[in-house]
Amino acid sequence: MTHLNEQAAHNLTAVREQKPLIHNITNFVVMNYTANALLAMGASPVMAHAQNEVEDMVSFAGALVLNIGTLTDDWIGSMIKAGKKAAEQHTPIILDPVGSGATALRTASAKNIINAARMTVIRGNASEVLSLRDETSKTKGVDAIHSVEDAAAAATVLAEELKTTLAITGEVDLVTDGSRVLRVANGHPLMGYVTGTGCTATTIIGAFLAVDDDPLRATATALAYFGLAGEVASQTASAPGSFMIQMIDALYSITPETLKACCKIEAHS
């Protein structure tokens, strides 16, 4: 049993006790599912997008989640405004650069948001992360065309350059802050057949960031928890529709003791 397993259990307990408010500026596709995921795990979700209220809302949030899945010019302004306010008061910020690399707007917007306020964590698939370092790198819509290993070296360099923690999710997730590397092996193949699982992983990382001041540790333990929910859901669901519902139930029913026993997090040099 590693200290990371124990920390995962501690983080889940802390979320359920503290019920941190997680401010999401996220996309239309996942808004309902991610709100339900946060509620099931014990956090408190709010989806606030209007430029006139994002500063007020983030001022008492435990973490800010920015997701560029369904961009508009107005939402880009809201993300930058909220990001600056969160950075000013040292509230953790996590960016999900959905589809970065697919279009010039998405790639430029992701970089503009990063430049406006230093991100605590950036979570994406391998192609999205590569596009943040190499503008010629492409994605297939919102799907990765690269493997986690294809982006591993670039992620380490980029994390150091941006002074952030980078998470690349895939069959085995990679999390790095530029000097430390953790790999998370929890998860199930059916997670790839439900829309928004990556976005949901991002908002769950946000909840763990609200209770753990080490972004690398918070990110890896959150991904282990989310991956374990997929494993638990697969025990009673064999197709995407029922699996999607069982994932929510698993986020609710997994105990800190089960998470501690089932975490698959390994440190790599």
Side-chain angles (χ1 to χ4, degrees), residues 15 22-49 63-72 75-76 78-79 93-103 106 109-110 113 119 121-129 131 139-145 148 167-171 173 175 184 186-209 219 222-234 237-252 254:
V15 167
I22 309 303
H23 180 182
N24 295 264
I25 303 178
T26 188
N27 68 72
F28 292 119
V29 179
V30 304
M31 215 175 288
N32 178 267
Y33 193 75
T34 53
N36 279 315
L38 284 169
L39 280 172
M41 72 181 292
S44 176
V46 66
M47 277 55 184
H49 298 75
L64 172 65
V65 178
L66 304 177
N67 178 310
I68 68 169
T70 51
L71 276 181
T72 67
W75 280 20
I76 294 168
S78 293
M79 290 183 194
I93 314 167
I94 178 165
L95 172 68
D96 192 329
V98 181
S100 179
T103 67
R106 287 171 185 263
S109 297
I113 293 166
M119 298 296 111
V121 175
I122 300 170
R123 188 221 64 85
N125 64 40
S127 298
E128 290 163 350
V129 169
S131 76
T139 65
K140 188 180 71 175
V142 298
D143 295 327
I145 57 175
V148 172
I168 309 173
T169 49
E171 186 174 348
D173 307 323
V175 186
V184 184
N186 291 99
H188 189 274
L190 274 174
M191 296 170 77
Y193 290 87
V194 176
T195 187
T197 48
C199 304
T200 309
T202 300
T203 201
I204 286 175
I205 293 170
F208 274 37
L209 284 172
T219 301
L223 290 174
Y225 167 59
F226 188 59
L228 179 59
E231 294 172 18
V232 172
S234 72
S238 59
S242 54
F243 180 81
M244 179 176 66
I245 300 303
Q246 290 298 324
M247 280 277 292
I248 296 292
D249 288 349
L251 291 170
Y252 176 80
I254 289 173

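Since we're looking at a predicted model, the values are computed, not measured. Scope of the values below: all heavy atoms of this structure, side chains included, with no hydrogens, waters or symmetry mates.
- Qualifying side chain to side chain donor-acceptor pair (under 3.5 Å) partners for N32, counting only residues two or more places apart in sequence or in other chains: N36.
- Looking at N67, its side chain does come within 3.5 Å of a backbone N or O of G69 through a donor-acceptor pair.
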- Run the numbers on I93 and L66 for side chain to side chain contact (heavy atoms under 4.5 Å, CB included), then give the verdict. CA-CA 7 Å; I93 314 167; L66 304 177; 3.9 Å; yes

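- Not a single side chain to side chain donor-acceptor pair (under 3.5 Å) links T219 to another residue, sequence neighbours left out.
- Side-chain contact of D96 with T202: a donor-acceptor pair under 3.5 Å is present, judged by distance alone.
- The shortest heavy-atom contact between V98 and E128 is CA-OE2, 3.5 Å.
- At least one side-chain heavy atom of E231 sits less than 4.5 Å from a side-chain heavy atom of N186.
- Closest approach of S109 and I76 over heavy atoms only: OG-CD1, 3.3 Å.
- Of the possible polar contacts, one joining the N27 side chain to the V30 backbone as a donor-acceptor pair under 3.5 Å is found.
- Between W75 and T70, the closest side-chain pair of non-hydrogen atoms falls below 4.5 Å.
- In this model, no donor atom of one side chain and acceptor atom of the other lie less than 3.5 Å apart for T34 and T200.
- In this structure, M79 CE and I68 CD1 are separated by 7.5 Å, a value rounded to the nearest 0.5 Å.
- At a threshold of 4.5 Å between non-hydrogen side-chain atoms, the residues E171 and V148 do not count as touching.
- At least one side-chain heavy atom of T195 sits under 4.5 Å from a side-chain heavy atom of V29.
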- Task: Begin from the C-alpha positions of N24 and L38 and carry the test side chain to side chain contact (heavy atoms under 4.5 Å, CB included) through to its verdict.
- Result: CA-CA 11 Å; N24 295 264; L38 284 169; 3.6 Å; yes

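- The backbone N or O of S78 lies less than 3.5 Å from no partner atom in the side chain of H49, so there is not a single donor-acceptor pair.
- Using a 4.5 Å heavy-atom cutoff, the side chains of V65 and I25 are not in contact.
- The two residues A201 and L223 come nearest to each other via the heavy atoms CB-CD2, 4.0 Å.
- At least one side-chain heavy atom of L209 sits less than 4.5 Å from a side-chain heavy atom of V121.
- For the atom pair CE of M31 and OG1 of T203, the computed distance is 11.5 Å after rounding to the nearest 0.5 Å.
- Listed for the Y33 side chain is a donor-acceptor partner under 3.5 Å among the backbone atoms of M244.
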- Working for side chain to side chain contact (heavy atoms under 4.5 Å, CB included), residues I94 and M119: CA-CA 6 Å; I94 178 165; M119 298 296 111; over 6 Å; no

- Applying side chain to side chain contact (heavy atoms under 4.5 Å, CB included), run through F226 and I205 and close with a yes or a no. CA-CA 9 Å; F226 188 59; I205 293 170; over 6 Å; no

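- Taken from OG in S242 to CE in M247, the straight-line distance is 12.5 Å, to the nearest 0.5 Å.
- Between P45 and I22, every side-chain heavy-atom pair lies at or beyond the 4.5 Å cut-off.
- Closest non-hydrogen pair, Y225 versus I204, comes out as CD2-CG2, 3.9 Å.
- For G230 against H188, the heavy-atom pair with the smallest separation is O-CB, 3.8 Å.
- Across A37 and L251, no two heavy atoms sit closer than the pair CB-CD1, 3.7 Å.
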